[in-house]
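Scroll down for the structure; my scribbles are underneath it.
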Amino acid sequence: MLYQPAHFKVEQRQAALAVMREHPLSTLVSVGGGEPLLTHAPLVALERDGAVRLLGHLARANPHWRSWVDGARLTAIFHGPDGYVSPSWYERREAVPTWNYVVVHAHGTVTVTHDSAAKERILKALIDAHDPPYRRQWDEMLAADFRERQKSAIVGFEIAVDRIDAKFKLSQNRPPADRANVLAAMQDADPARRALARWMRELAIAGERSAS
């Protein structure tokens, strides 16, 4: 269970989906044989009629999937931007360092597929999401037997998501002046912290809209 203080909890589904799509390399977590099992895999997040599905594949040689009987529980963790927050950015000197970050935990049930056509759909969803120009090469320039050999080396899976926990730790617990200072410092920092600054702005705008 993700520790979510109320001020860091984000309920907006679209914000969580944006993180999942911008940072698709997930950490898959399940339990098998009494041990936690973990694998890192890119996923495609699809939403239709309010339902969220995650598509991906693992190497057939990876033993993790063998514990996934259909309907098994699985969590996919998406790691968004993160960065150090210096206490020197606060108005009061009596302060300590911290770390801001964005994470999304998507929980659901998993279905594994060995069907070639189903794996083809999953692969094309991943290609279309991450490398659209490669789609023509996959479809038209690679021999059918080569594609089948590649597919035979993987298993496809789909996670039917039934709960999303989104935690955006972005200095919401600090006074307005401190938040403004953190935002200013983040905007002039490295790309990851600039991404945190973008989320600080977007959540502030969303909060203003919901309050109006």
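If you're wondering where the values come from, they're calculated on a predicted model, not measured in any experiment.
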Interatomic spacing from [atom1] in [X] to [atom2] in [Y] - rounded to 0.5 Å:
X: Leu2; Y: Lys9; atom1: CG; atom2: NZ; value: 9.5 Å
X: Ser30; Y: Glu35; atom1: OG; atom2: CD; value: 11.5 Å
X: His107; Y: Asp165; atom1: NE2; atom2: CG; value: 4.0 Å
X: Glu148; Y: Lys119; atom1: CD; atom2: NZ; value: 8.0 Å
X: His7; Y: Lys169; atom1: NE2; atom2: NZ; value: 8.5 Å
X: Asn100; Y: Tyr84; atom1: CG; atom2: OH; value: 11.5 Å

Quick check on the hydrophobic clustering: are [X] and [Y] connected, directly or via other members, by side-chain heavy-atom contacts under 4.5 Å?
X: Val52; Y: Leu46; value: no
X: Leu54; Y: Val110; value: yes
X: Leu183; Y: Tyr90; value: yes
X: Val104; Y: Val29; value: no
X: Phe168; Y: Leu17; value: yes

Side chain to side chain contact (heavy atoms under 4.5 Å, CB included) assessment of Leu123 paired with Arg147 | CA-CA 11 Å; Leu123 287 171; Arg147 296 199 307 271; over 6 Å; no
Just so I know, are the side chains of [X] and [Y] near enough to count as touching, which here means a heavy-atom distance under 4.5 Å?
X: Val103; Y: Asp82; result: no
X: Pro42; Y: Leu25; result: yes
X: Ser171; Y: Asp178; result: no
X: His130; Y: Pro24; result: yes
X: Leu37; Y: Ser67; result: yes
X: Leu170; Y: Phe8; result: no
X: His79; Y: Tyr101; result: no
X: Arg13; Y: Ile164; result: yes

Going by atom types alone, do [X] and [Y] pair a side-chain donor with an acceptor below 3.5 Å?
X: Glu158; Y: Thr113; answer: no
X: Asp162; Y: Thr109; answer: no
X: Tyr3; Y: Lys167; answer: no

How far apart are the closest heavy atoms of [X] and [Y], and which atoms are they?
X: Ala76; Y: Leu43; answer: CB-CD1, 3.8 Å
X: Lys151; Y: Ser116; answer: NZ-OG, 3.0 Å
X: Asp128; Y: Pro132; answer: O-CG, 3.4 Å
X: Ser26; Y: Phe78; answer: CB-CE2, 3.9 Å
X: His64; Y: Leu28; answer: CE1-O, 3.5 Å
X: Ser152; Y: Arg149; answer: OG-O, 2.7 Å

Under 3.5 Å donor-acceptor, [X] side chain and [Y] backbone:
X: Arg135; Y: Ile127; value: no
X: Asn181; Y: Trp89; value: yes
X: Asp49; Y: Ala51; value: no
X: Arg179; Y: Arg174; value: yes
X: Gln14; Y: Gln12; value: no
X: Gln4; Y: Ala166; value: yes
X: Arg53; Y: Arg48; value: no

Run the numbers on Gln150 and Ile154 for side chain to side chain contact (heavy atoms under 4.5 Å, CB included), then give the verdict.
-> CA-CA 7 Å; Gln150 301 309 304; Ile154 64 173; over 6 Å; no
Decide yes or no on ring-ring contact (aromatic ring centres under 6.0 Å, His included) for Phe157 and Trp65, but give the supporting numbers first.
-> CA-CA 9 Å; Phe157 64 90; Trp65 67 268; over 10 Å; no
Pairing residues for Lys124 by the salt bridge (charged side-chain N to carboxylate O under 4.0 Å, His left out) criterion, not counting sequence neighbours =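 Here the qualifying residues are Glu120, Asp139.
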Hey, which of Ile159, Leu58, Thr111, Val155 is the one that makes side chain to side chain contact (heavy atoms under 4.5 Å, CB included) with Trp68?
->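 When Ile159, Leu58, Thr111, Val155 are each tested with Trp68, the side chain to side chain contact (heavy atoms under 4.5 Å, CB included) holds only for Leu58.
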Qualifying residue, where the test is side chain to side chain contact (heavy atoms under 4.5 Å, CB included) with Pro81 and the options are His23, Glu22, Arg198, Arg193 =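 The option that passes is His23.
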Is it true that atom CZ of Arg136 has more than 12 heavy atoms of other residues, nucleotides or ligands lying nearer than 6.0 Å?
->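 It does not: Arg136 CZ has 12 such atoms or fewer within range.
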Decide yes or no on side chain to side chain contact (heavy atoms under 4.5 Å, CB included) for Leu126 and Leu55, but give the supporting numbers first.
-> CA-CA 8 Å; Leu126 285 160; Leu55 306 180; over 6 Å; no
Arg66 vs Val112, side chain to side chain contact (heavy atoms under 4.5 Å, CB included): CA-CA, chis, key distance, verdict | CA-CA 9 Å; Arg66 296 186 183 279; Val112 176; over 6 Å; no
